[in-house]
Structures are given as structure tokens and as C-alpha cells.
Amino acid sequence: MFVWGSARRGVPPQVNVIGTLMFVMTVVVVLVGQMVARRRDR
């Protein structure tokens, strides 16, 4: 019921901002990990 009610009212902009920040942070962590792994292989 909560999900249905939230979907009916619309998603507040804060949810989009938080989701975007989490996605960007995840991509940054993966890229940094890849860079560290490449430097270790040299």
C-alpha cells in the first residue's frame, strides 16, 4: 500500500537527488579501484 500510495502521489525530487548521488559515488569508487588495480599490475 505504501509503494502504491507513493507512486500515485509522485516521487519527491530529493529521491532523485539521493539516487543520482549514490550512482555517481558508486561509479567513482569502481573507477578508483580500477586505477589502483592497474597501477599494482605494473
Side-chain angles (χ1 to χ4, degrees):
M1 289 300 286
F2 175 76
V3 173
W4 183 77
S6 296
R8 191 167 180 200
R9 277 179 279 159
V11 179
Q14 292 87 352
V15 174
N16 291 330
V17 171
I18 293 170
T20 302
L21 287 175
M22 289 174 61
F23 177 74
V24 169
M25 290 297 293
T26 303
V27 170
V28 168
V29 168
V30 169
L31 290 176
V32 169
Q34 290 293 323
M35 288 170 48
V36 169
R38 283 187 184 176
R39 287 190 181 185
R40 231 183 254 164
D41 288 343
R42 287 186 180 184

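Evaluation of the side chain to side chain contact (heavy atoms under 4.5 Å, CB included) rule for Val28 yields Val24, Val32 as partners, not counting sequence neighbours.
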For residues 11-20, dump all side-chain donor-acceptor pairs below 3.5 Å to protein atoms at least two apart in sequence or in another chain.
residue : atom : partner : partner atom : Å
Thr20   : OG1  : Asn16   : O            : 2.8

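Residue Val30 belongs to no hydrophobic cluster, having no ILVMFWY side-chain heavy atom closer than 4.5 Å to its own.
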